[in-house]
Amino acid sequence: TQLLEQSPQFLSIQEGENLTVYCNSSSVFSSLQWYRQEPGEGPVLLVTVVTGGEVKKLKRLTFQFGDARKDSSLHITAAQPGDTGLYLCAVSSGSARQLTFGSGTQLTVLP
Amino acid sequence: EAGVAQSPRYKIIEKRQSVAFWCNPISGHATLYWYQQILGQGPKLLIQFQNNGVVDDSQLPKDRFSAERLKGVDSTLKIQPAKLEDSAVYLCASSLDRVTDTQYFGPGTRLTVL
């Protein structure tokens, strides 16, 4: 069983459309991170959410942490081809604060 | 500021051969991580160093994988002998310290085992 379940696994949309991807778990987390990974590159941190119900905005990206701190969503408004990539959620745990990643949502935005 | 450097970027070997990957973290970063990312999955932590000491290697297949960070800066990850299932991208990341949490990733080495 995966600690973090991400959905959908794949998403292909047209430029200008809106979309939401999800990261769910049965566990409670003190914080959750979202990364974007482009082909041939490593993941890049987009945001960290720490408070239940928290909403953070990064230009056209809106991140929300669930009230119970078990799940999170990422909403993209008016998607652009430059948003194409693998979106990963991750949580840190343990004394060494190891990161555990979900399996990701592969987003393709078509021009 | 220079990012995390990794080499080689690509490597193709046959099963049972050996391979080594190199990582140079961001200057001043005490914590270094090696991850394995199999196609269609998120990265999985293999080993974490704090300076030149191992913090966590619980998910490292120690019968064939080894890693070192002798002087607390650069690190190498070795696979000997390689298996088909080792085909993956090997990512190196570093952070200022393990409490800060923000990890910066290198571009990875794509390994194909034939």
Side-chain angles (χ1 to χ4, degrees), chain A residues 1-12 21-25 29-51 56 58 63 65 72 74 85-108, chain B residues 2-11 21 23-26 29-51 53-60 88-111:
Chain A
T1 304
Q2 286 271 356
L3 180 65
L4 297 171
E5 298 282 350
Q6 290 194 245
S7 61
Q9 188 176 359
F10 299 97
L11 186 57
S12 181
V21 299
Y22 301 92
C23 176
N24 297 300
S25 177
F29 303 110
S30 58
S31 66
L32 185 144
Q33 299 179 337
W34 283 95
Y35 292 77
R36 179 169 64 215
Q37 184 176 20
E38 298 184 13
E41 300 297 329
V44 175
L45 180 65
L46 296 174
V47 77
T48 301
V49 286
V50 297
T51 305
K56 282 192 172 179
L58 185 66
F63 304 85
F65 202 13
S72 182
L74 159 58
L86 179 67
Y87 288 82
L88 296 157
C89 62
V91 294
S92 64
S93 61
S95 60
R97 302 185 71 81
Q98 301 95 328
L99 273 182
T100 299
F101 286 86
S103 55
T105 292
Q106 181 62 55
L107 172 65
T108 302
Chain B
V4 176
Q6 289 189 247
S7 68
R9 292 296 310 273
Y10 305 92
K11 189 74 176 179
F21 313 124
C23 173
N24 182 235
I26 293 173
H29 280 195
T31 311
L32 185 146
Y33 313 79
W34 283 102
Y35 290 85
Q36 179 192 59
Q37 186 174 22
I38 293 173
L39 186 65
Q41 299 181 18
K44 182 186 84 171
L45 180 68
L46 293 175
I47 189 167
Q48 178 181 347
F49 291 95
Q50 179 72 16
N51 296 309
V54 176
V55 174
D56 180 18
D57 63 357
S58 58
Q59 298 193 83
L60 187 73
V89 175
Y90 290 85
L91 295 162
C92 179
S94 69
S95 64
L96 195 59
D97 57 63
R98 65 189 198 192
V99 175
T100 303
D101 234 10
T102 302
Q103 296 184 24
Y104 297 87
F105 286 81
T109 296
R110 181 175 294 278
L111 173 67

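In what follows, chains are A, B, ... by sequence order, proteins preceding strands, each numbered from 1.
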Review point. Is atom NZ of B:Lys11 surrounded by more than 12 heavy atoms (other residues, nucleotides or ligands) closer than 6.0 Å?
Key: no
Review point. What's the spacing between B:Tyr33 OH and A:Gln98 CD if we round to 0.5 Å?
Key: 9.0 Å
Review point. What heavy-atom pair brings A:Leu99 and B:Leu45 nearest, and what distance separates the two atoms?
Key: O-CB, 4.5 Å
Review point. Are A:Leu86 and B:Gln37 close enough that some pair of their side-chain heavy atoms sits under 4.5 Å apart?
Key: yes
Review point. Chain B heavy atoms under 4.5 Å from A:Gln37: which part of the residue, side chain, backbone, both or neither?
Key: side chain
Review point. What part of B:Arg9 gets closer than 4.5 Å to chain A, counting heavy atoms only: side chain, backbone, both or neither?
Key: side chain
Exercise for review: For residues B:Gly42 and A:Leu88, report the shortest heavy-atom separation together with the two atoms involved.
Suggested key: CA-CD2, 3.9 Å
Exercise for review: Using non-hydrogen atoms and a 4.5 Å limit, figure out which bit of B:Tyr35 sits close to chain A: side chain, backbone, both or neither.
Suggested key: side chain
Revision key, fill the gap. Correct closest heavy-atom pair for A:Gly42 and B:Leu91 would be CA-CD2, 3.9 Å
Exercise for review: Determine the option with the most heavy-atom pairs under 4.5 angstrom with chain B, choosing from A:Pro43, A:Gly104, A:Gly40.
Suggested key: A:Pro43
Point to revise | Residues, nucleotides or ligands: over 12 heavy atoms within 6.0 Å of B:Tyr104 OH | key: no
**Study point:** Under 3.5 Å side-chain donor-acceptor pair for B:Gln103 and A:Gln33
**Key:** no
